[in-house]
Enquirer: 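Supplied in structure tokens, the structure appears directly below.
All ligand and atom numbering here is 1-based and tracks the order in the structure. Nothing fancy with the numbering, it's 1 onward along the sequence.
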Amino acid sequence: MNIYFSGSIRGGRQDAKTYNQLIDELKKFGDVLTEHVGSSEISSEPTDREIHRQDMQWLKEANLLIGEVTTPSHGVGYEIGYAVAMGKPVFCLHQKKEEKALSAMLNGDPAIKCFEYAEIEEARAIIQNIFTNLQ
Ligand SMILES: O=c1[nH]c(=O)n([C@H]2C[C@H](O)[C@@H](COP(=O)(O)O)O2)cc1CO
């Protein structure tokens with residue numbers, strides 16, 4: 001099972017620790033192709049062209065995409081739209097925040113399953129359910 005995990009990088013790293021915790025959970029169910037998204041240090045070595053080429057390759061190889069979408073990110077939105085267009089299953093997790101509603105373009109797409117969580121334990125349980133219910 002190849003898992004493409006999406007999370008904000010240049011959109012803001014305030015949820016990076018959560019990404020890391022989610023990636024640890026996802027690793028129980030398959031190979032996370034984009035483990036660097038949860039890393040405390042993002043390499044600035046590859047060019048943007050190389051990042052895009054590599055990520056598109058991983059997206060092609062992925063069986064599904066799971067995004068943590070609390071922090072809005074152009075890259076995450078792009079990856080999600082691309083994965084939907086490729087017919088891949090897409091799941092989005094976001095933290096409950098009164099001041100910020102999830103984008104209608106994610107929440108309103110019947111092809112995307114969106115889940116709200118408050119605590120990391122809740123997010124772990126959502127991930128476990130996703131893989132239990134995968135056909
Ligand atoms: O250095 C990078 N490496 C990388 O893999 N990405 C991909 C993976 C993330 O899910 C997504 C983050 O996009 P953004 O940087 O626009 O927040 O884009 C994005 C960047 C920087 O834009």
Side-chain angles (χ1 to χ4, degrees):
M1 169 71 64
N2 286 330
I3 302 165
Y4 192 102
F5 179 81
S6 277
S8 171
I9 294 180
R10 294 188 191 167
R13 292 298 281 163
Q14 51 269 43
D15 292 319
K17 193 174 149 230
T18 304
Y19 303 158
N20 194 32
Q21 291 170 313
L22 297 180
I23 288 167
D24 278 346
E25 186 63 31
L26 290 170
K27 281 157 92 178
K28 297 178 186 168
F29 301 96
D31 292 327
V32 179
L33 304 176
T34 53
E35 214 182 322
H36 64 286
V37 173
S39 168
S40 57
E41 282 175 33
I42 300 287
S43 169
S44 56
E45 257 170 48
T47 64
D48 287 2
R49 183 75 197 89
E50 284 162 352
I51 291 168
H52 180 270
R53 190 204 56 76
Q54 175 64 84
D55 284 358
M56 287 298 101
Q57 183 56 38
W58 279 328
L59 197 51
K60 278 188 200 134
E61 292 167 16
N63 298 99
L64 54 80
L65 181 148
I66 299 198
E68 209 295 356
V69 297
T70 308
T71 298
S73 146
H74 293 305
V76 171
Y78 177 94
E79 290 163 345
I80 288 171
Y82 220 105
V84 169
M86 291 165 103
K88 312 255 180 195
V90 174
F91 303 89
C92 289
L93 278 74
H94 68 108
Q95 293 156 43
K96 283 178 192 154
K97 290 206 171 145
E98 275 168 28
E99 74 276 16
K100 216 151 183 39
L102 183 59
S103 168
M105 296 308 286
L106 303 182
N107 208 32
D109 186 342
I112 301 175
K113 294 197 175 61
C114 295
F115 302 92
E116 206 174 54
Y117 69 96
E119 305 296 333
I120 192 71
E121 270 318 313
E122 219 180 314
R124 288 196 181 103
I126 290 165
I127 287 173
Q128 287 156 17
N129 270 327
I130 287 171
F131 286 96
T132 304
N133 295 323
L134 268 187
Q135 288 151 2

Enquirer: Using a cut-off of 6.0 Å, state whether more than 12 heavy atoms not belonging to Glu41 lie near its atom CD.
Expert: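 Counting neighbours around CD of Glu41, 12 or fewer heavy atoms of other residues, nucleotides or ligands fall under 6.0 Å, so no.
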Enquirer: Is there a side chain to side chain contact (heavy atoms under 4.5 Å, CB included) between Phe115 and Glu122? Walk through the geometry before answering.
Expert: CA-CA 10 Å; Phe115 302 92; Glu122 219 180 314; over 6 Å; no
Enquirer: Taking distance alone, with N or O pairs closer than 3.5 Å, would you say Gly11 contacts ligand 1?
Expert: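 Such a contact does occur with ligand 1.
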Enquirer: I'd like to know if the side chain of Glu25 pairs up with that of Gln21 as donor and acceptor (distance under 3.5 Å, no hydrogens or angles considered).
Expert: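 No, no side-chain donor-acceptor pair sits under 3.5 Å.
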Enquirer: Scan the side chains in residues 63-76 for donor-acceptor partners under 3.5 Å anywhere in the protein, sequence neighbours excluded, and list what turns up.
Expert:
unit_1	atom_1	unit_2	atom_2	d
Asn63	OD1	Asn2	N	2.6
Glu68	OE1	Thr70	N	2.8
Glu68	OE1	Thr70	OG1	3.0
Glu68	OE2	Thr70	OG1	2.8
Glu68	OE2	Gln95	NE2	3.0
Glu68	OE2	Tyr117	OH	2.5
Thr70	OG1	Gln95	N	2.9
Thr71	OG1	Asp15	OD2	2.6
Ser73	OG	Gly75	N	3.2
Ser73	OG	Val76	N	3.0

Enquirer: Please check whether Arg10 reaches ligand 1 - meaning an N/O of the residue sits under 3.5 Å from an N/O of the ligand, judged on distance alone.
Expert: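 Yes, there is a polar N/O contact under 3.5 Å.
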Enquirer: For His36, take its heavy atoms, then give the atoms of ligand 1 lying under 4.0 Å from any of them.
Expert: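 Every atom of ligand 1 under 4.0 Å from some heavy atom of His36: 3 (N), 4 (C), 5 (O).
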Enquirer: With only distance considered, is Gly75 within less than 3.5 Å of ligand 1 through an N or O on each side?
Expert: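 Looking only at distances, the answer is yes, because the N/O contact criterion of under 3.5 Å is met.
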Enquirer: Looking only at protein heavy atoms, identify the closest one to atom 8 (C) of ligand 1 and say how far it is in Å.
Expert: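 It is Glu79 OE2, 3.1 Å.
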Enquirer: At the 4.0 Å heavy-atom cut-off, does Asp55 count as touching ligand 1?
Expert: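 Judged by the 4.0 Å heavy-atom criterion, Asp55 does count as contacting ligand 1.
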Enquirer: Would you mind running through ligand 1 and noting each atom that sits below 4.0 Å from a heavy atom of Ser8?
Expert: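 In order of numbering, the contacting atoms are 17 (O).
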Enquirer: Measure Gln54 to ligand 1 on non-hydrogen atoms and call it side chain, backbone, both or neither using the 4.0 Å cut-off.
Expert: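 The answer is neither; Gln54 stays 4.0 Å or more away.
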Enquirer: Tell me the protein heavy atom at minimum distance from atom 3 (N) of ligand 1, and give that distance in Å.
Expert: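 Nearest neighbour among protein heavy atoms for atom 3 (N) of ligand 1, to 0.1 Å: Ile51 CG2, 3.4 Å.
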Enquirer: How far is atom 12 (C) of ligand 1 from its nearest protein heavy atom, and which residue and atom is that?
Expert: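 Result for atom 12 (C) of ligand 1: Gly7 O, 3.4 Å.
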Enquirer: In terms of hydrophobic clusters joined by side-chain contacts under 4.5 Å, are Ile80 and Ile3 together?
Expert: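 No, because Ile80 and Ile3 fall into different hydrophobic clusters, even though each may have its own neighbours under 4.5 Å.
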Enquirer: Can you name the atoms of ligand 1, numbered from 1 with element, that are less than 4.0 Å from a heavy atom of Ser6?
Expert: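 Taking each heavy atom of Ser6 in turn, ligand 1 has 10 (O) under 4.0 Å.
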Enquirer: Can you tell me how far apart OG1 (Thr34) and OH (Tyr4) are? Round to the nearest 0.5 Å.
Expert: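 Separation between the atoms: 6.0 Å.
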Enquirer: Is there a chain of hydrophobic side chains (I, L, V, M, F, W, Y, each step under 4.5 Å between heavy atoms) that links Met105 to Ile112?
Expert: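 They do not share one cluster, since no chain of ILVMFWY contacts under 4.5 Å joins Met105 to Ile112.
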Enquirer: Which distance, rounded to the nearest 0.5 Å, do you find between the CZ of Phe5 and the NZ of Lys27?
Expert: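 Separation between the atoms: 12.0 Å.
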Enquirer: If you count the atoms of ligand 1 from 1 in the order shown, which ones are under 4.0 Å from a heavy atom of Ser73?
Expert: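 Atoms satisfying the 4.0 Å criterion: 12 (C), 13 (O), 14 (P), 16 (O), 17 (O).
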Enquirer: Just distances here: any N/O of Ile9 and N/O of ligand 1 closer than 3.5 Å?
Expert: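 Right, the criterion is met.
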Enquirer: Taking only residues two or more places apart in sequence, or in another chain, which ones meet Asn129 in a side chain to side chain contact (heavy atoms under 4.5 Å, CB included)?
Expert: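 Scan of Asn129 (side chain to side chain contact (heavy atoms under 4.5 Å, CB included), adjacent residues dropped) gives Asn133.
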